[in-house]
Every structure is written in C-alpha cells, then in structure tokens.
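Structure first, commentary second.
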Amino acid sequence: MSELQYKPNKLMMFFIILFRIIFTAAVFLTIAFIFYNSAQVAEVSSGYSGKFTALINKALSYTPFDIVLSEHQVRKLAHIAEFAALGFFLTFCLRVYTKRLIAFCAWPLLFGLFIAVCDEFLQRFVPGRSSSIKDIFIDFIGVCGGTGVAICIVFAFSTVFWLFWGRKRNRRRKEALEKEKAEIDRARAFLAQQDAINAQLAAEAERISQIANSDAAKILSENSK
C-alpha cells in the first residue's frame with residue numbers, strides 16, 4: 001500500500017469499532033425507550049407525566065422566572081427531547097460508519113421521521129392513547145434539532161482534530177509524495193542508463209558483426225582464387 005493512502009493504526013481501529021458499537025446500541029435503546037413510553041396505557045402514562053411535571057415546576061420555582069408548565073406541555077417537550085436524542089444518536093451512528101456525513105445527512109432525518117410515524121401508529125392500539133399528524137410534526141422537530149446539534153459537534157471536533165493532527169498528516173503526505181517522486185526520478189534515471197548501455201551493446205554487436213562479415217568475405221575471396 002502506498003504511503004499516501006490513509007492507514008489507521010490499531011488504536012484508531014479499536015476506537016472506531018468501539019464507537020460503532022456504542023452509537024448503534026444507543027440508537028436501538030433510544031428507539032426501544034420511545035416505543036416503551038408509547039406502549040404505556042393512558043393512566044400509567046398520565047401518572048408518570050404528572051410526577052415529572054411536578055418535579056419540573058418545582059425546579060422552575062427556584063428560578064427568577066415565573067413559569068408554570070402544564071402536563072400537556074411537558075408531554076410535548078418530552079416527545080421533542082426523546083426524538084432529539086434519537087436524531088443525535090442517529091447522526092453520530094452515521095458518522096462512525098462513513099465520513100460523508102453531509103452527503104447522507106438526510107438518512108437520520110428520514111429514519112427519525114419513520115420512527116415518529118411508527119410511534120404514532122403504535123399509540124392507536126394502546127387503550128386511552130391517540131395519534132395525530134401534529135405529534136408526528138413535533139417529533140420530527142426533535143429529530144431535526146438533535147441532528148443539527150450532532151452535526152455542529154462533529155464539525156467542531158473535526159476542526160479541532162484537523163488543527164492538531166490534520167496538518168501533521170498533510171505534512172507526512174507531502175513528505176511521502178516527495179519521497180515517491182524522488183524514487184520515480186531515480187527509477188527513470190536507472191532505466192535511461194540501462195537504455196544507453198543497451199544501445200552501446202547493440203552498436204558494439206553491430207560493429208563486431210560487420211567485422212566478422214568482412215573477414216568472412218575476404219576468406220571466401222581468397223579461397224575462390
């Protein structure tokens with residue numbers, strides 16, 4: 001393999017495989033969490049929402065802002081939060097499998113939208129729960145937000161990574177390119193030298209052949225006399 005080609009070392013390959021396992025598992029766990037919450041009957045889900053709403057309002061009471069959230073608002077915010085987590089993990093999962101994040105950034109959005117549709121469809125069969133296109137739109141907003149945050153983090157990390165390591169790698173590539181160019185020049189010089197030697201040998205062989213033919217002609221002439 002050429003020195004110009006990227007060859008990740010064993011440590012980097014270990015982290016790549018590790019991150020693939022982590023983010024793939026995070027995606028499936030987030031989907032399982034979303035479907036688990038949607039599968040809860042209305043009474044159980046409302047009970048969890050009521051307790052969570054009370055905790056949030058209690059925390060908000062310690063702030064200078066006079067904000068009181070209703071259970072309905074908390075439920076919608078929870079939907080946005082869990083689908084934002086899904087979009088976040090989907091984007092990072094895509095990133096650890098390909099470097100072309102922007103080219104395939106629609107995949108997390110489409111898959112997140114698909115999960116949102118499946119989630120709302122599942123709620124139609126849960127007692128006391130209902131589904132609506134509005135909720136799908138709210139879930140998709142969460143997916144877009146999580147995807148956007150993940151893309152910003154990836155680009156920020158890539159910028160820092162390039163500043164501290166990319167320049168060094170580019171310098172190594174330049175040195176490798178110069179080394180390969182020097183090797184090619186030496187090979188060309190060697191081939192040119194070999195061609196010159198072959199030309200000299202061919203000329204010498206031609207001269208010897210002419211001398212031999214001349215001597216043979218003289219001997220035949222003498223013998224004919």
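Every heavy atom of this structure was used, including side-chain atoms; hydrogens, water molecules and symmetry mates were not. All values reported here derive from a predicted model rather than from experimental measurement.
Between the CD1 atom in Ile151 and the CZ atom in Phe155 there is a gap of 7.0 Å [rounded to 0.5 Å]. With rounding to the nearest 0.5 Å, the separation of SG in Cys118 from CG in Leu113 is 9.5 Å. Between atom CG of residue Leu191 and atom CG of residue Asn198 there is a gap of 10.5 Å, rounded to the nearest 0.5 Å. How far OG1 of Thr24 is from CG of Leu94: 10.5 Å, rounded to the nearest 0.5 Å. With values rounded to the nearest 0.5 angstrom, Arg20 atom CZ is found 11.5 Å from Leu18 atom CG. The CZ atom of Phe104 sits 5.5 Å away from the OG1 atom of Thr98 when rounded to the nearest 0.5 Å.
Applying the salt bridge (Lys or Arg N to Asp or Glu O under 4.0 Å) test to every pair with at least one member in residues 133-148, sequence neighbours left out, gives these pairs: Lys76-Asp135. Applying the salt bridge (Lys or Arg N to Asp or Glu O under 4.0 Å) test to pairs two or more places apart or on separate chains, none has a residue in residues 109-126.
Enclosure of atom CD1 in Ile133 is not indicated, since only 12 or fewer non-hydrogen atoms of other residues, nucleotides or ligands lie within 6.0 angstrom. With a 6.0 Å radius and a threshold of 12 heavy atoms from other residues, nucleotides or ligands, Phe157 has its CZ atom at or below the threshold. Heavy atoms from other residues, nucleotides or ligands lying under 6.0 Å from CZ of Phe114 number 12 at most.
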Query raised in the report: Ile138 and Phe83: side-chain contact (heavy atoms from CB on, under 4.5 Å), yes or no, with the steps?
Result: CA-CA 9 Å; Ile138 292 174; Phe83 275 90; over 6 Å; no
Report task. Decide side-chain contact (heavy atoms from CB on, under 4.5 Å) for Phe19 and Cys93; before the verdict, give the C-alpha distance in whole Å, the side-chain angles of both, and the deciding distance to 0.1 Å. Result -> CA-CA 8 Å; Phe19 288 145; Cys93 185; over 6 Å; no
Report task. Applying side-chain contact (heavy atoms from CB on, under 4.5 Å), run through Val96 and Ile16 and close with a yes or a no. Result -> CA-CA 7 Å; Val96 295; Ile16 289 174; 5.7 Å; no
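In terms of the side chain to side chain donor-acceptor pair (under 3.5 Å) criterion, residue partners of Glu204 (sequence neighbours excluded) are, by chain and number, Arg207. Phe125 is linked by a ring pair (Phe, Tyr, Trp, His ring centres under 6.0 Å) to Phe121, counting only residues two or more places apart in sequence or in another chain. Qualifying side chain to side chain contact (heavy atoms under 4.5 Å, CB included) partners for Phe137, counting only residues two or more places apart in sequence or in other chains: Ile141. Here Phe88 pairs with Phe92 under the ring pair (Phe, Tyr, Trp, His ring centres under 6.0 Å) rule; sequence neighbours left out.
By the 4.5 Å heavy-atom criterion applied to side chains, Val27 and Phe23 are not counted as neighbours. The shortest side-chain heavy-atom distance between Val126 and Ser38 does not fall under the 4.5 Å cut-off. A 4.5 Å side-chain heavy-atom check between Phe111 and Val143 finds every atom pair outside the cut-off. Within the 4.5 Å cutoff, the side chain of Leu86 has heavy atoms near those of the Ile31 side chain. In this structure, Phe190 and Asp185 have side chains that are not in contact, with every pair of non-hydrogen atoms separated by 4.5 Å or more. Contact check for Glu82 versus Asn37: side-chain heavy atoms found under the 4.5 Å cut-off. Put simply, the side chain of Leu90 does not reach to within 4.5 Å of the side chain of Thr147, judged on heavy atoms. Residues Ile115 and Thr30 are not in side-chain contact: their nearest non-hydrogen atoms beyond the backbone lie 4.5 Å or more apart.
Phe28 and Ile22 are assigned to two separate hydrophobic clusters, defined by single-linkage of ILVMFWY side chains at heavy-atom distances under 4.5 Å. Phe15 is connected to Val154 through a chain of hydrophobic side-chain contacts under 4.5 Å among Ile, Leu, Val, Met, Phe, Trp and Tyr, so both are in one cluster. A single hydrophobic cluster is not seen to contain both Ile34 and Leu110; linkage of ILVMFWY side chains at heavy-atom distances under 4.5 Å, directly or through other members, places them apart. Linking Ile, Leu, Val, Met, Phe, Trp and Tyr whenever their side-chain heavy atoms come within less than 4.5 Å leaves Phe33 and Val41 in two separate clusters. At a threshold of 4.5 Å between side-chain heavy atoms, the hydrophobic network of Ile, Leu, Val, Met, Phe, Trp and Tyr places Val149 and Phe89 in one connected group.
Contact record, Leu69 with Asn57: N-OD1, 2.8 Å, taken as the closest heavy-atom pair. When all heavy atoms are compared, the tightest approach of Tyr62 to Lys58 is CD1-O, 3.0 Å.
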